[in-house]
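First comes the structure, then the notes that go with it.
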Amino acid sequence: MEKTYNPELIEAKFRDIWEQSHFFSSQLNSNSQNAYSIVLPPPNVTGSLHMGHAFQHTIMDVLTRYHRSKGDQTLWQPGTDHAGIATQMVVERQLERQNISRHDLGREKFTEKVWDWKHHSGGTITSQMRRLGTSVDWERECFTMDKTLSDAVQKVFIELYNEGLIYRGKRLVNWDPVLLTAVSDLEVISTEEQGSLWHIRYPVANSDEVMVVATTRPETMLGDSAVAIHPNDDRYQHLIGKMVNLPLTNRQIPIIADNYVDMEFGTGCVKITPAHDFNDYEIGQKHELENINILTDDAKINLNAPKAYQNLDRFIARKTVVKDLEKQNLIEKIDPHTMMVPRGDRTNSVIEPYMTDQWFVKIIPLAEPAINAVKNGDIRFIPENWEKTYFNWMENIEDWCISRQIWWGHRIPAWYDKNGKIYVAKNFTEAQKQAGKGVELTQDEDVLDTWFSSALWPFSTLGWPEKTSELSRFYPTSVLVTGFDIIFFWVARMIMFGIKFAGNVPFKDIYITGLIKDGHGQKMSKSKGNVLDPIDLIDGISLEELLEKRTQGMMQPELAKKITKQTEKEFSNGIPSFGTDALRFTFTTLASFGRDIKFDLKRVEGCRNFCNKLWNASRFVLMKLESRLIDFDATLSTPDKWILSRLQHTKIAVEKHLSEYRLDLMSQTLYEFVWHDYCDWYLELSKPLLDSKETRSGCEATLIKVLSETLTLLHPIIPFITEEIFEQCRSLNDDKSERLITKPYPEIDQTLISKNSESEIAWLQEFILGIRQIRGEMNISPGKPLPCFIQNLDTSDKAYIKSNLSIIETLAKLESIKQLSENDSSPESATALVGEMKILIPLAGLVDKKQEILRLNKEIEKLIKHQRQYTGKLNNKKFISGAPKEVVEKEQSKLSSVEKALGDLELQLKKISSL
RNA sequence: GGGCGCUUAGCUCAGUUGGGAGAGCAUCGCCCUUACAAGGCGAGGGUCACAAGUUCAAGUCUUGUAGCGCCCA
């Protein structure tokens with residue numbers, strides 16, 4: 001074995017071997033009683049995988065590999081999402097650089113271009129996944145626009161339509177005037193922005209009075225249909241039912257009363273623009289007001305407005321309107337105002353409420369069973385508190401606008417005749433049948449919201465609506481692993497559609513992971529220039545390349561300087577190559593239940609070091625056991641029994657943590673076992689054990705047995721390095737597995753849990769630590785052999801000493817250990833205690849006694865602190881009477897041992913000081 | 001305005017029916033000891049945001065305050 005492990009070579013090797021051997025296939029373990037399945041949240045084919053993907057993929061891979069090696073028939077279903085708007089935008093932007101618009105190409109040519117992009121981008125994603133070691137069943141890879149998945153989409157649409165759960169209608173929707181499409185509520189991000197509040201005078205018809213209304217969007221006055229006041233507002237009672245002259249328009253509009261109006265806000269008068277405001281729309285419906293649309297698709301003023309404003313862009317129109325009002329002295333005042341401005345999540349353009357014909361899903365009948373599924377425990381959120389977020393949204397849910405005026409996606413299977421009658425069918429022929437021969441039909445131009453097809457993912461990928469064997473075997477899936485950012489977009493909709501169409505919930509557990517942020521807790525984004533590519537952490541990247549990556553092709557090139565500076569500061573030497581396993585281990589240690597995960601390179605470094613530690617421990621084992629015939633039935637020594645016992649505890653903890661999705665605790669447990677139990681202690685103990693004939697065989701068998709099981713435990717987290725070590729050690733092993741990936745997960749063996757060896761080794765460790773501490777504090781070189789006296793031994797001390805004498809001498813580098821009886825006078829010594837046994841290291845020729853006095857005082861101080869704490873408790877009568885017996889007894893025994901130790905140390909202090 | 005969450009060592013964070021304040025990284029000291037310097041050994045460092053309450057006992061439960069963050073309107 002190489003002295004330092006080199007991830008690059010071994011990763012490439014096993015990527016190929018695993019996949020070519022079909023080890024990821026869901027057909028394995030087909031005789032098993034248990035099925036385990038996860039669907040991969042399909043990444044968008046818009047680009048490449050980011051840290052969040054890599055993080056979640058690692059979690060899913062750990063679960064998948066674990067269940068596979070437990071013997072479950074395991075499916076991890078891969079695939080990608082066509083991501084309608086996002087992908088269309090990527091391609092449109094590329095065309096833009098060649099000065100081509102999608103309209104130049106036409107629908108058919110354009111979608112061809114998008115398919116080209118899809119093949120390119122999909123390839124990037126899958127190759128990245130392979131680099132990460134994701135063990136998905138590649139033979140089952142899907143895409144949301146595959147034929148079978150598209151058929152499923154059509155079927156769902158048609159069935160919902162026939163049931164009256166999908167309808168088409170003219171409604172006020174969120175309109176993106178740049179994309180020229182409707183978007184759903186979820187795709188609109190409202191943020192606080194500085195604006196103005198214009199107070200405008202509306203003259204009351206046939207009167208001298210004016211009503212002052214306030215608005216943040218003065219141009220919308222061109223579409224006003226009424227002025228509203230609160231029915232109880234004394235100031236305006238006499239005006240209800242009268243008319244106002246709407247300025248700039250030559251129109252008269254009524255004054256109405258409605259509870260919706262807030263009397264306290266502004267003047268208490270509100271302009272009502274039903275076609276351009278969601279609240280006003282409601283009021284308009286109630287009062288049967290006219291919906292006056294004053295905007296074109298791209299947010300210019302249309303022909304319904306006075307000539308002066310027609311064809312003006314909405315923001316220019318705003319200025320013009322204000323100017324004209326000022327001219328007529330109709331502006332009362334202009335206040336600065338912070339308000340919520342809605343912007344499209346893709347384009348960042350201001351979203352307009354806009355009247356258009358759209359398709360909607362009537363959502364409440366679907367939401368109710370989906371709410372119940374979580375209430376009655378069919379679905380569990382992990383961590384649990386996310387269910388509150390889910391309920392909160394589901395209980396206030398609104399109909400879902402599913403039509404998009406774009407070209408990339410599932411075209412809506414609806415046709416219209418000349419009179420606008422709708423025929424919903426799976427194809428033109430069927431639609432024609434419905435319409436009757438000779439009726440001229442045209443298909444709806446729109447496509448479906450991307451999330452409509454994603455909502456079917458857990459069953460459409462398994463072959464639904466066909467009754468496939470996969471569907472019956474793997475549906476409902478075991479767990480969904482995803483981020484909280486798409487609970488509404490995706491998770492909720494999968495639950496609704498799963499229950500409705502697949503007849504059952506789509507998954508039993510929903511593990512909501514945290515989101516990966518940069519080291520400062522900032523969201524990673526291209527515009528912030530703080531994105532890390534998981535592949536760069538695996539392979540490493542120079543500062544120059546990283547800078548180029550972060551500043552290339554930016555939407556706002558003026559930020560490049562700042563990004564360069566930040567990047568240079570943070571990654572002055574670029575990023576070293578850490579390897580896939582180190583990155584995966586890092587992700588699992590970060591997988592606690594927090595919301596934000598600050599990603600820190602130092603953490604990866606620590607995990608890389610762990611891999612190296614494991615590598616070197618294996619190298620040690622291999623060197624020691626090379627060409628030896630291992631006797632797996634050999635007698636075991638106490639240290640052998642101890643490490644086997646520790647291994648069982650580790651296995652128990654690992655399974656517990658994994659079943660609770662605490663991958664952070666799982667990897668921490670394994671880290672501690674490997675580093676601190678196996679390497680720090682057992683490997684050190686093995687050195688003397690291997691040197692002695694009586695203990696050698698048992699130790700050899702234990703070394704390899706524990707290593708081998710540990711590799712299996714670690715394999716789900718760090719598959720590459722463990723597979724490589726397994727291969728190198730295979731000749732030593734007695735098991736028949738060809739590869740670690742197919743090796744059965746080790747069972748917990750309760751009979752190997754040994755309390756006796758645990759307490760004996762604990763004693764041994766205390767002994768050695770005592771001596772190391774003296775060495776450390778006295779600055780005695782670790783290589784210098786020391787003489788040692790022990791005094792005040794009880795029977796177990798005596799037994800332990802007898803069986804561990806040479807081990808202690810080796811590990812603590814002692815020249816000799818001599819027992820003193822109670823009455824023997826000891827030389828001037830440094831002291832450590834193991835229980836009541838005293839360890840004495842003579843000071844002669846080593847250090848001056850001042851240092852030992854200092855050290856003793858420090859120890860004594862610590863003990864006194866504890867003594868105070870315990871006596872305080874025990875002097876409290878309420879504690880004695882109120883606390884359970886065991887607790888009181890425990891406190892008492894703690895106090896007595898502290899007091900004994902104190903006595904010993906104080907005596908020692910006196911003795912040394914007086915010399 | 002409604003909801004959710006966070007505040008523990010210099011930094012990042014664990015702490016699961018209330019009973020010993022922990023890890024990694026960073027810091028300091030000694031050591032290139034034949035698995036590992038990507039290492040070994042030892043050490044220092046905390047009023048668990050603040051206040052009140054429940055309890056024999058609170059980082060942990062309840063209430064309030066302050067600061068920060070997210071989601072929804």
Side-chain angles (χ1 to χ4, degrees), chain A residues 1 3-5 185-186 189-190 278-279 340 383 385-393 395-397 484-485 487-488 514-515 517 519-521 523 576 578-579 582 586 589-590 592-624 656-657 660 662 664-665 667-669 671-672 675-676 679-680 683-684 686-687 703 768-769 771-785 810-813 855 858 866 869-870 872-884 886-888 890-891 894:
Chain A
M1 273 176 100
K3 191 171 173 185
T4 303
Y5 107 102
D185 296 344
L186 291 171
I189 313 291
S190 290
F278 287 101
N279 290 317
M340 299 304 278
N385 54 287
W386 288 109
E387 69 179 36
K388 283 188 186 155
T389 309
Y390 173 80
F391 290 138
N392 207 354
W393 189 66
E395 281 158 8
N396 298 295
I397 198 166
F484 57 80
D485 50 338
I487 290 180
F488 305 143
L515 299 185
K517 304 289 180 78
H520 311 285
K523 198 173 166 183
F578 290 114
T586 312
T589 63
L590 292 172
S592 63
F593 283 174
R595 273 182 190 218
D596 292 335
I597 294 162
K598 290 181 196 165
F599 193 85
D600 180 12
L601 273 195
K602 280 284 177 195
R603 198 94 184 219
V604 193
E605 200 180 312
C607 292
R608 190 268 321 262
N609 293 353
F610 173 80
C611 291
N612 193 50
K613 187 80 180 173
L614 178 68
W615 181 265
N616 278 294
S618 311
R619 204 158 69 90
F620 171 83
V621 174
L622 212 61
M623 279 162 64
K624 291 288 181 188
K656 176 175 180 281
H657 295 321
E660 292 166 356
R662 288 304 303 266
D664 57 330
L665 300 179
S667 52
Q668 198 188 321
T669 302
Y671 182 100
E672 278 165 13
W675 203 304
H676 297 126
C679 294
D680 285 351
L683 291 193
E684 293 308 319
S686 78
K687 290 170 186 174
L703 275 171
I768 292 165
L769 288 172
I771 289 169
R772 280 186 191 160
Q773 197 190 27
I774 290 171
R775 257 188 218 277
E777 303 246 319
M778 300 283 166
N779 285 343
I780 301 169
S781 141
K784 187 178 173 67
T810 315
L811 265 63
K813 271 262 155 58
R855 199 182 69 89
K858 217 166 62 183
H866 282 128
Q869 195 184 329
Y870 302 146
K873 252 187 192 176
L874 288 163
N875 286 338
N876 184 347
K877 275 177 199 162
K878 282 181 184 168
F879 171 71
I880 303 287
S881 58
E886 307 91 66
V887 176
V888 177
K890 210 170 148 191
E891 280 317 287
K894 278 195 283 192

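Note on naming: letters A, B, ... go to the chains in the order of the sequence lines (proteins, then strands), and numbering restarts at 1 for each one.
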Span that lies between the C1' atom of B/rG24 and that of B/rU8, in whole angstrom = 15 Å
Same-atom distance (P) from B/rC68 to B/rU63, integer angstrom = 23 Å
Both distances under 3.5 Å, Watson-Crick or G-U wobble: report the partner of B/rA38, or none.
-> none
A/Asp664 atom CG is separated from B/rC13 atom P, nearest whole Å, by 13 Å
How is A/His676 classified with respect to the nucleic acid when contacts are heavy atoms under 4.0 Å: base, sugar-phosphate, or nothing?
-> sugar-phosphate
Closest to side chain of A/Lys894, choosing from B/rA14, B/rG20, B/rG24 = B/rG20
What is the base-pairing partner of B/rG64, counting Watson-Crick and G-U wobble geometry with both distances under 3.5 Å?
-> B/rC50
Is the base of B/rA35 touched by the side chain of A/Glu684 through a donor-acceptor pair closer than 3.5 angstrom?
-> yes
Would you classify A/Arg775 as touching base, sugar-phosphate or nothing, given that sugar-phosphate means primed atoms plus P, OP1 and OP2, and contacts are heavy atoms under 4.0 Å?
-> nothing
Phosphate oxygens OP1/OP2 of B/rC4: is one of them under 4.0 Å from a side-chain N or O of A/Thr389?
-> no
Base, sugar-phosphate, or nothing: which does A/Ser881 touch, judged by heavy atoms less than 4.0 Å apart?
-> nothing
Show the numbers, then the answer: is there a side chain to side chain contact (heavy atoms under 4.5 Å, CB included) between A/Leu874 and A/Val888?
-> CA-CA 8 Å; A/Leu874 288 163; A/Val888 177; 4.2 Å; yes
Whole angstrom is fine here: how far is it from CD1 in A/Ile771 over to P in B/rU33?
-> 21 Å
What integer number of Å spans the C1' atoms of B/rU54 and B/rU12?
-> 34 Å
Picking from B/rC36, B/rG42, B/rA38, which would you name as closest to the side chain of A/Asn616?
-> B/rC36
Using the ring of each side chain (for Trp, its six-membered ring), is A/Tyr671 parallel, tilted or perpendicular to A/Phe610, with breaks at 30° and 60°?
-> parallel
Can you tell me how far C1' in B/rG53 sits from the matching atom in B/rC11, rounded to whole Å?
-> 34 Å
Candidates B/rA26, B/rA14, B/rC56 - which lies nearest the side chain of A/Leu665 | B/rA14
Assess whether side chain to side chain contact (heavy atoms under 4.5 Å, CB included) is satisfied between A/Val604 and A/Phe599, documenting all intermediate values.
-> CA-CA 9 Å; A/Val604 193; A/Phe599 193 85; 3.6 Å; yes
Return no unless some side-chain N or O of A/Trp675 is found under 4.0 Å from OP1 or OP2 of B/rG40.
-> yes
If you measure from the P atom in B/rA14 to the same atom in B/rA9, how many Å do you get, rounded?
-> 12 Å
Give the rounded distance in Å between these two atoms: CD of A/Gln668 and P of B/rG24.
-> 9 Å
Mate of B/rG1 across any strand shown (Watson-Crick or G-U wobble, both atom pairs under 3.5 Å) is B/rC72
May I ask you to verify if any side-chain N or O of A/Lys890 is less than 4.0 angstrom from the OP1 or OP2 atom of B/rA57?
-> no
For B/rU16, the nucleotide meeting Watson-Crick or G-U wobble distances (both under 3.5 Å) is none
B/rU33 -> Watson-Crick or G-U wobble partner, both distances under 3.5 Å, gives none
Quick note, A/Asn609 side chain, CB onward, closest among B/rG69, B/rG24, B/rG39 is B/rG39
d(A/His657 NE2, A/Asp664 CG) to nearest 0.5 Å is 8.5 Å
Is it true that a side-chain atom of A/Asn616 and a backbone atom of A/Asn612 form a donor plus acceptor pair closer than 3.5 Å?
-> yes
Does A/Asn392 offer a backbone N or O that forms a donor-acceptor pair with the side chain of A/Asn396 under 3.5 Å?
-> yes
Respond yes when some side-chain nitrogen or oxygen of A/Lys602 is under 4.0 Å from OP1 or OP2 of B/rG24, and no when none is.
-> no
Select base, sugar-phosphate, or nothing to describe what A/Lys598 touches, counting heavy atoms under 4.0 Å on all strands.
-> sugar-phosphate
Pick base, sugar-phosphate or nothing for A/Arg595, based on heavy-atom distances below 4.0 Å to the nucleic acid.
-> base
For A/Tyr390 and B/rC70, what is the distance between atoms OH and C1' respectively, to the nearest whole Å?
-> 21 Å
Is any side-chain nitrogen or oxygen of A/Gln869 closer than 4.0 Å to OP1 or OP2 of B/rA21?
-> yes
Identify whether any heavy atom of A/Cys607 sits under 4.0 Å from a base atom; if not, whether one sits that close to sugar-phosphate; answer base, sugar-phosphate or nothing.
-> nothing
A/His866 vs A/Lys894, side chain to side chain contact (heavy atoms under 4.5 Å, CB included): CA-CA, chis, key distance, verdict | CA-CA 9 Å; A/His866 282 128; A/Lys894 278 195 283 192; over 6 Å; no
B/rG19, B/rC25, B/rA37: which one has an atom nearest the side-chain heavy atoms of A/Phe879?
-> B/rG19
A/Leu683 CG to B/rU34 P: how many Å, rounded?
-> 16 Å
Could you check how far CG of A/Asp600 sits from P of B/rC25, rounded to whole Å?
-> 11 Å
Atom CD of A/Glu605 to atom C1' of B/rA26: distance rounded to whole Å?
-> 11 Å
Which value, in whole Å, describes the distance between the C1' atoms of nucleotides B/rG46 and B/rA21?
-> 8 Å
Carefully, step by step, assess A/Val887 and A/Phe879 under the rule side chain to side chain contact (heavy atoms under 4.5 Å, CB included).
-> CA-CA 10 Å; A/Val887 176; A/Phe879 171 71; 4.1 Å; yes
Of the nucleotides B/rA35, B/rC56, B/rU16, which has the atom closest to the A/Lys878 side chain?
-> B/rC56
Under-3.5 Å donor-acceptor pair between A/Lys388 side chain and B/rC4 base = no
Which of the following nucleotides, B/rG69, B/rG40, B/rU16, is nearest to the side chain of A/Asp596?
-> B/rG69
In whole angstrom, what separates A/Asn612's CG from B/rC36's C1'?
-> 6 Å
Are any of the side-chain nitrogens in A/Glu660 or A/Lys656 under 4.0 Å away from the carboxylate oxygens of its partner?
-> yes
C1'-based separation of B/rG67 from B/rU27 [nearest Å] | 29 Å
Phosphate-side-chain proximity, A/Lys813 and B/rU33, N/O vs OP1/OP2 below 4.0 Å | no
Using Watson-Crick or G-U wobble geometry with both distances below 3.5 Å, tell me the partner of B/rU27, or none.
-> B/rA43
Contact class for A/Lys517 vs. all strands (heavy atom < 4.0 Å): base, sugar-phosphate, or nothing?
-> nothing
Output the single nucleotide from B/rU16, B/rC71, B/rA43 whose closest atom is nearest the side chain of A/Lys858.
-> B/rA43
Nearest-neighbour nucleotide for the A/Arg662 side chain, B/rG15, B/rU16, B/rG24 considered | B/rG15
In terms of the nearest nucleotide of RNA chain B, which residue is placed more toward the 5' end: A/Ser592 or A/Phe484?
-> A/Ser592
Candidates B/rG42, B/rC36, B/rA23 - which lies nearest the side chain of A/Arg772 | B/rG42
Using the P atom on both, measure B/rG59 against B/rG3 and round to a whole Å.
-> 29 Å
